[in-house]
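The structure displayed is predicted, hence computed values, not measured ones.
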Amino acid sequence: MRLTMKNLSKLLAVALVVFSFQACTEVLEDVEPTTAITPEVAFSDAGSVRAFRTQLYSRLHSFTYTTQYMIGPEALGDQSYNRTGSSRFNAYSTFQFGAGMNHYTAAYNLIQDANVVIGAIPDGVIPAAEKSQYQGEAYFFRAFAMHHLVRALGYEPGNSPSSGDGAGWDLGIIIRTEPVLGLTQADARPRNTVAEVYSQIRSDLGEAITLLGQNQESSRNYVQQAAAYALLARVELYARNWQAAANNAASALSNTSAALATGADVVTMFDETVFSTHPEAIFEVEVNPNTEGQGINSSLNVYSSEQWVAQIPTNSLLALYDQANDQRWNWFTPCFSQQENAPVSGCTNNGGLMITKWFGEKGQFTDDIPHFRVAEMLLIQAEAYLNGATGGTAAGALNTLRAARGVADIAAPTIDDILDERRRELAFEGQRFFDLKRLGRSITKDPEVLGSAVTIQYTDVRFLDDIDPDDLDDNPELVQNPGYN
């Protein structure tokens, strides 16, 4: 369902009358605002509140926040490309216009649900501590959705190109912080600036940190205070607020039970049959293989390994690993279909390799999704310290990670050393394109991707995705991104 202005006004009405206790709550489409029941009636018992809270987590089981989220940025960047005979994410690999990471509908659905939890649950229906936990989670999810959407549709704060169609462009996304309870509240609004969006994200994560600190879930499959610190560290990294990035990464690490994997655990940490929760996951979305997976056509597993092996690692990525010593080299294996119990042809990279992070060990082509890991926090600290943040050194943070992976120290790391380490560590976890974009760097496509080495400069407007014309038609206040008119 696209989030048109009319559909936006239906979302609360629909969501409040759907009280399935299953993890994958389905939202109906044909309930008009006049049939809505009020939040006070809908949330009159604890069960309905808890079911709605489950829906927040269910949003992260979608294609948008699994396969597209994790593999799309790798194909847009220089980490993956299409296996011969595969067309899935080919528009990403070839960097076509409008093939970016815009997920307008999914983002505002998640934001709407978060707004309901923040502003529409009456007091006394559930214990106060439980309500604080749910509202803290909702602030986190709203910030998560806004940040992922604004980095797709806008430049990072103060980082628009100095030339080209995008020079000086500073628009982000529409900020909505109130639940839409009826048609009159589904008003047309203009896009806020990127600076305004980042300010709102910081505010939301500050609220999340406060509320989640009052009542912690015991499982890292739920949002804990450390996850809010981790997202804030990532946000400040994008904004180049180096000290804030370093401080929040440190807070994430000190407030989680997750720990850096070492030795053989590095190889198996994405295997749910070995670890029920990823050992490094600060927050991991648990997916029920029987009801919540994306299945044989759309899952992370079938896009990157099991079924279609649609996206395979580029040679430039593979060349970065110390094959003799780096435990992470064992994440790669010759292209092979477990489903057909046979090799997969068309893997034209050196060695004919695929990645096994998303290997579907849970069955039904399903994996749990770790959204924030200890390793990422160390990499954020390394980059922040390199850029002047106090509290540690770039070499100390970077080499803590490298030692855990079995490779030698780098005495005086540069930004390129850190970015290379991010490529190795976070491969197929949805980071690479945004790393290049947030730093204003060009993208060099490997020769095997487009037939020859092609460099796409940061001034190219394709670094921004476009807004769907239907969304522009629905909201006359919206303006399109440069280069797409």
Side-chain angles (χ1 to χ4, degrees), residues 73-74 77-79 147 151 156-157 159 226-256 258-263 265-266 269 278-283 316-317 319-322 325-329 331 370-441:
E74 309 300 282
D78 50 13
Q79 298 277 80
H147 185 243
R151 67 180 182 170
E156 278 59 57
N159 201 37
Y229 280 122
L231 176 54
L232 187 52
R234 185 187 289 175
V235 167
E236 298 294 12
L237 181 78
Y238 277 60
R240 303 190 188 194
N241 291 328
W242 306 116
Q243 192 64 58
N247 291 347
N248 283 289
S251 294
L253 293 172
S254 64
N255 282 281
T256 184
L260 195 63
T262 60
D265 288 349
V266 175
M269 63 182 172
H278 193 298
E280 290 192 3
I282 296 170
F283 170 53
S316 64
L317 170 61
L320 290 174
Y321 293 90
D322 176 353
N325 300 298
D326 197 332
Q327 292 285 356
R328 296 169 295 193
W329 180 248
W331 289 339
H371 275 281
F372 299 91
R373 292 202 286 121
V374 170
E376 183 190 352
M377 296 302 106
L378 291 172
L379 289 163
I380 288 174
Q381 288 181 317
E383 189 172 340
Y385 296 145
L386 184 70
N387 284 283
T390 60
T393 66
L398 184 67
N399 291 329
T400 296
L401 175 60
R402 287 178 60 82
R405 301 314 188 229
V407 290
D409 287 357
I410 298 175
T414 66
I415 184 60
D416 288 331
D417 292 323
I418 293 169
L419 290 175
D420 283 349
E421 203 67 37
R422 288 181 68 90
R423 288 191 72 182
R424 296 182 194 97
E425 181 65 35
L426 303 174
F428 285 67
E429 294 183 57
Q431 300 272 6
R432 179 58 176 172
F433 168 71
F434 293 113
D435 280 344
L436 294 169
K437 179 175 176 286
R438 68 181 173 81
L439 292 173
R441 293 198 168 200

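- Screening Lys437, Arg151, Arg438 for a side chain to side chain donor-acceptor pair (under 3.5 Å) with Glu156, the sole residue that qualifies is Lys437.
- Minimum heavy-atom separation, Gly440 to Arg240: N-NH2, 4.4 Å.
- In this structure, the side chain of Thr256 does not engage the main chain of Ala252 through any donor-acceptor pair within 3.5 Å.
- For Ser251 and Asn248, the side-chain atoms include no donor-acceptor pair closer than 3.5 Å.
- Taking both residues in full, the closest heavy atoms of Tyr321 and Ala427 are given as OH-CB, 4.0 Å, listed atom of the first, atom of the second, then distance.
- In terms of modelled atom types and a separation under 3.5 Å, the side chain of Arg422 and the main chain of Glu376 share no donor-acceptor contact.
- Of the possible donor and acceptor atoms, none in the side chain of Glu236 sits under 3.5 Å from a partner among the backbone N and O of Gln243.
- Without hydrogens or angle criteria, Trp331 side chain to Val266 main chain gives a donor-acceptor distance under 3.5 Å.
- Leu439 contributes atom CG, which lies 7.5 Å from atom CG of Leu237 (distance to the nearest 0.5 angstrom).
- Atom CE of Met269 and atom CD of Gln327 lie 10.0 Å apart (nearest 0.5 Å).
- In this structure, Asp435 contributes its side chain and Arg432 its backbone to no donor-acceptor pair below 3.5 Å.
- Between the CG atom of Leu426 and the CD atom of Gln79 there is a distance of 9.0 Å, given to the nearest 0.5 Å.
- Of the inter-residue distances, the one linking Leu419 atom CG with Thr414 atom OG1 reads 8.5 Å to the nearest 0.5 angstrom.
- Here the side chain of Arg424 pairs a donor or acceptor atom with the backbone of Leu320 at under 3.5 angstrom.
- Taking each heavy atom of Ala397 and Gln381 in turn, the nearest pair found is CB-CB, 4.1 Å.
- Scanning both residues, Tyr229 and Asn255, for their nearest heavy atoms gives CE1-ND2, 3.9 Å.
- Glu74 contributes a side-chain N or O that, together with a main-chain N or O of Phe428, makes up a donor-acceptor pair within less than 3.5 Å.
- By the 4.0 Å N-to-carboxylate-O rule, Arg423 lies close enough to Asp78 to be salt-bridged with it.
- Heavy atoms only, all atoms of each residue included: Ala404 and Ala261 are closest at CB-O, 3.5 Å.
- With respect to Leu378, the side-chain contact (heavy atoms from CB on, under 4.5 Å) criterion is satisfied by exactly one of Leu260, Leu398, Asn399: Leu260.
- Of the inter-residue distances, the one linking Met377 atom CE with Ile282 atom CD1 reads 5.0 Å to the nearest 0.5 angstrom.
- Ring orientation note: the planes of Phe434 and Tyr238 are tilted relative to one another, at an angle of 30° to 60°.
- Arg402 and Asp409 are not joined by a salt bridge, as no carboxylate oxygen comes within less than 4.0 angstrom of a charged side-chain nitrogen.
- To the nearest 0.5 Å, atoms CD (Gln431) and CG (Leu379) are separated by 9.0 Å.
- Summarising the geometry of Asn325 relative to Asp322, their closest heavy-atom pair is ND2-OD2, 2.9 Å, with the distance given to 0.1 Å.
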